Structures are given as C-alpha cells and as structure tokens.
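This is the structure, below, for whatever I ask next.
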2 protein chains.
Amino acid sequence: MKDFKAKEFACHTAAMAETPGVPEPTLEEQIAAYQREFQDLDPQVEKIVSALSRLNRRMNVAYGRQTADLGISNAEWEVLKALVLSGAPYRMGPGELAKRLGLTPAAMTHRIDRMVSEGLVTRERDESNRVRVIVELTPGGREKWLEAMRLATVFEEDLLQDLTPTERAVLGEVLTRLLRRVEHAQPDAGGRLSDLD
Amino acid sequence: MKDFKAKEFACHTAAMAETPGVPEPTLEEQIAAYQREFQDLDPQVEKIVSALSRLNRRMNVAYGRQTADLGISNAEWEVLKALVLSGAPYRMGPGELAKRLGLTPAAMTHRIDRMVSEGLVTRERDESNRVRVIVELTPGGREKWLEAMRLATVFEEDLLQDLTPTERAVLGEVLTRLLRRVEHAQPDAGGRLSDLD
DNA sequence: CCTGAAGACTTCAAAGCTAAAGTTCGAAGC
DNA sequence: GCTTCGAACTTTAGCTTTGAAGTCTTCAGG
C-alpha cells in the first residue's frame, strides 16, 4: 500500500516554527494592497475573484485531507471519480482518462501503475482490439470512492450551512452563468491546475 | 531567458486529434451522473461546488496563458505578486515567500534561482544579519507584474460583465462569508494546489 | 574564547509530470 | 499477401517540487 506520506503541509522538515512574523494577510488587507499598487482596479471585482480563488484552495486542502485519511491521494481520487462517473461497468481507456483529467498519457500510465499495485483498479488488454487497454474499477476502488464521497458531502453541506435557500439558488445560478461564459470564450481543453470537480 | 515552453495544453505530442469520442461532460451531465452513483446527494450543493471548481480551473488556465504571453510562468507570477503586495521596497526573505506561496523552502530556492537569472528579482545576503537572504523585486520584475495585472483585470471585468450590480454585491458577500467559514474551521496553512489570489 | 543549540538557506535524492521518441497492433492500398 | 499509415499506449529524458540532510551564522553559556 505504499509508505503513504503524512500529507500534512507546513512541516517541511522536523521543526518548522510557527513563524509569528508572517501573519498571512486577510482578504481585505490583500485587496487594500492591490489598490495601493495598482490604481485602476475595481475592488468589487477583485473581491469576487480573490475570494473564489482562496475558497477553492481551501476546499482542495480539505478534500486532500479527507482522501489522505482514507489512504489515497488526491490524484487517485480523481481517477476513481472519472471511472465511477463513466457509469455501469466502470471502464475507461488510459487515453480517455488522461483527457478527462487533463494530463498526458505518460502521466496516466504511471498513475495507473500505482493504482493497480494498490488494488484500486485493474488493467488489461482489450482482446477484441489489442491496441486498446481497459482500466476497470475494482469493488475496493468503488468503495474507496464512496467513502470519500461521504466525507466530501458532509464537508460541503457544512460549508454552505449558513446560506439561505435563496442565496444557494442565486449562487448556483450565477456561478453557472460565469462558467458558461468562460467555457464559451475558451472552448478548448480544461488544462491542468487543480481539477477536483 | 530560457527556452520558454509552448505552455499550451492539449498538445501532448505532435498530433493529438480532437477526440470526437470524448465530448467532456457538461456540468449538468456530471451532476446527473453523481446522483446516479451516489443517491443521497443534494444536487444544488453539488452544482455550486462543481461550478466553483470548474470556474477556478478555467480562470487559472486563462491567467496561465496571459502570463505565458508575457514570457513568465504562472509560478513566477505568484512570486512577483507576493513581492509587490508586500509593499514599499518590495523585499522578502525566501522563507517568508515560501510560506506565503505554500511551498517548501527548497522549491523556493530553485524558483528564485530561475527568476534571478531572468532578471526579475535580485538575491543578496542581509549584511546586518548574514543568516538572512533578501529577495528584491527589480524594476523589470515590477513592470512584468503590472503588465500581467493589466491583462488579468481586463479578463476579470469581461468575465463578470453580465452580472448586475446587485448580483456582484451578493456574490462578493456570499463568497466572503463562505471563505470566512472555511478559514475559521481550518485556520492553519493555506497549503498548495493552485494559489493565484 | 569556545562550545552547543537554534535558525535560515541550500543541497541531494526521489516522486510525479511533460514532451518527444519508441512500440505494437489494426486497417487501408497496391 | 505485404507494406504503409495511423492509433493507443509505453518508455525515456528533463523539470519542478518535496522531504531530509547538510552548511553557515548568530547567540547564550561555561
């Protein structure tokens, strides 16, 4: 099952000292700094963009901890997710997976290697077309995904807990609209850089 | 100035074919798949979370392209940003920078190496305390940041263009509230995984 | 002074990713 | 039937980042 690294940041080496000198700027402080250094900036726009970015980062950290607790990495969770969402027999080719996750086929090969050795998926040649390879989720892999999902949904519900039904509806609608806008302006690949839908 | 790689994804090798067989699921399709595979899931919550994540990814891709056009990487842009936001003489120590960006001191050392060789920053020992090192933004580095900022704000304004003033206000307020909630629940480090405030 | 301890970087080996060059299999021509 | 092209992985070389082990500097005792 691999060594399974601690996965908790901020511990680069044995001791890392809390560094009282670097208090990490709040969102408000940061926006003030932006305005100081770059005059023609709409603070409202910057607030939205910065909050969105920070929020996403925090969420990824939270997901990373949860999956780490389950003994899988965030990278592995992404693969499990793609396979589960593909439905039914939970099978995909490495190339298809690579495209879905936004990484190169080479990286996919290695990632699958690891996951096969951990029993999360199986890899075999398609006998009806021996150029193809089939990656299939194992029951254990599916169970891991379910456990991760249970943790994730609890976290997400908790995160949105204070929002009123109206706020939730508006937030969902507005974000979807923004997403459509970028996807339309940028129809190509999804690229890398933190996926985790 | 380095080779300066193409930086355009989706071109893993010479030809990459548009792959008509993998249409990339829409947000709606994906949520439907989630509900199929995981019954007790609130579709509204999932919609918000997924849209947020996808939106963030697209934005990072957009930022990456813009900075690439300027001849700097996204990683370098983050360093420039931290230095500019620190204000005044635009100086920070490598350790401080590392903490701010959420990477290890080792990675910071290498990143600074590259940026020094590209003339974006200078590195020298603090003569009053020779254990410390001072990284200082060069005028050229500051100019790069300004150019990147100009592009970024144009993109951001364009992204939010369709939102009414009310929607902008609500979105900013709600996102800030969510951010406060996670930051409170998770006061520690910011971790890695796509920064880009 | 000299020594020991702690702090702030840097160096080193290993992991994971990308780009580019194989490798293998299937399908279309001649 | 043999050859050539193309598709779908895999392998190789080079980078960036991490974790752990130095190196250098400062400071507190003895």
Side-chain angles (χ1 to χ4, degrees), chain A residues 2-22 73-76 78-79 92-99 101-116 123-135 189 191-195, chain B residues 2-22 64 73-76 78-79 92-99 101-116 123-135 191-195:
Chain A
K2 263 311 182 40
D3 262 22
F4 183 57
K5 48 222 166 203
K7 193 68 177 174
E8 208 54 33
F9 309 96
C11 57
H12 306 140
T13 185
M16 165 135 174
E18 261 311 297
T19 326
V22 186
S73 71
N74 232 326
E76 290 167 337
E78 287 181 57
V79 177
M92 291 178 81
E96 204 178 344
L97 273 169
K99 242 160 275 163
L101 302 188
L103 30 81
T104 61
M108 204 62 237
T109 294
H110 299 316
R111 208 180 266 196
I112 293 170
D113 287 345
R114 294 193 292 277
M115 294 181 71
V116 166
R123 165 163 47 189
E124 56 186 83
R125 289 217 162 263
D126 181 347
E127 285 309 325
S128 72
N129 182 349
R130 297 186 44 74
V131 177
R132 288 179 184 285
V133 168
I134 298 178
V135 177
R192 197 72 275 278
L193 307 187
S194 152
D195 200 310
Chain B
K2 263 307 181 45
D3 263 23
F4 186 55
K5 50 229 159 184
K7 193 68 177 175
E8 209 54 34
F9 309 95
C11 57
H12 305 140
T13 186
M16 162 133 177
E18 261 312 297
T19 326
V22 186
S73 71
N74 232 326
E76 290 167 337
E78 288 181 57
V79 178
M92 292 177 82
E96 206 178 343
L97 273 170
K99 241 160 274 163
L101 303 188
L103 29 81
T104 60
M108 204 63 236
T109 294
H110 298 317
R111 209 180 264 197
I112 293 170
D113 286 346
R114 294 193 292 277
M115 294 181 71
V116 167
R123 164 162 48 188
E124 57 186 84
R125 288 217 163 265
D126 181 346
E127 286 309 326
S128 72
N129 182 349
R130 296 185 44 73
V131 176
R132 288 179 184 286
V133 169
I134 298 178
V135 178
R192 196 74 277 276
L193 305 188
S194 152
D195 200 310

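All values derive from a computational prediction rather than experimental measurement. Every chain is numbered from 1, with letters handed out A, B, ... down the list of sequences.
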Study note, to complete from the structure: Of the candidates C/dC17, C/dC9, C/dC12, the side chain of B/H110 sits closest to C/dC12
Revision key, fill the gap. Sorted by position of nearest nucleotide on DNA chain D, 5' first, the leading residue of A/R132 and A/A106 is A/R132
Point to revise | Nucleotide C/dC9, atom P - distance to CG of B/L103 in whole Å | key: 14 Å
Revision key, fill the gap. Whole-Å distance, B/L101 CG to D/dT18 P, equals 11 Å
Point to revise | Whole-Å gap separating P (C/dT10) and CG (B/D113) | key: 7 Å
Practice item. Applying side chain to side chain contact (heavy atoms under 4.5 Å, CB included), name anything that partners A/A107, two or more places apart in sequence or on another chain. Key: A/L103, A/T104
**Study point:** Reported CZ-to-CD1 distance for the pair A/R123 and A/I112, which is rounded to 0.5 angstrom
**Key:** 5.5 Å
Point to revise | B/V79 and B/M92, any side-chain heavy atoms less than 4.5 Å apart | key: no
Check your understanding: Who passes salt bridge (Lys or Arg N to Asp or Glu O under 4.0 Å) against B/R125, sequence neighbours left out?
Key -> none
**Study point:** Length of the CZ-P vector between B/R111 and C/dT10, whole Å
**Key:** 15 Å
**Study point:** Length of the line joining B/R123:CZ and C/dC9:C1', which is rounded to integer Å
**Key:** 9 Å
**Study point:** side chain to side chain contact (heavy atoms under 4.5 Å, CB included) involving A/V131 - partner list, sequence neighbours excluded
**Key:** A/N129
Exercise for review: Grab the CE-P distance between B/M108 and D/dT18 for me, whole Å please.
Suggested key: 11 Å
Give every pair of a protein N or O atom and an N or O atom of nucleotides 24-28 of chain D that lie under 3.5 Å apart, one pair per line with the distance.
residue, atom, partner, partner atom, Å
D/dT26, OP1, B/R130, N, 3.1

Exercise for review: Select from B/P94 and A/A107 the residue whose nearest nucleotide in DNA chain C is closer to the 5' end of that strand.
Suggested key: B/P94
Practice item. Name all residues meeting the side chain to side chain contact (heavy atoms under 4.5 Å, CB included) criterion together with B/A75; count only those two or more places apart in sequence or in a different chain, and write none if there are none. Key: B/S73, B/R111
Check your understanding: By side chain to side chain donor-acceptor pair (under 3.5 Å), which residues pair with A/R130, not counting sequence neighbours?
Key -> A/E127
Review point. How long is the line joining CG of B/L97 and P of C/dT10, in whole Å?
Key: 11 Å
Study note, to complete from the structure: Testing C/dG16, D/dT10, C/dT11 for proximity to the side chain of A/R114, the answer is C/dG16
Check your understanding: Rounded to the Å, how far apart are B/I112 CD1 and D/dT16 C1'?
Key -> 15 Å
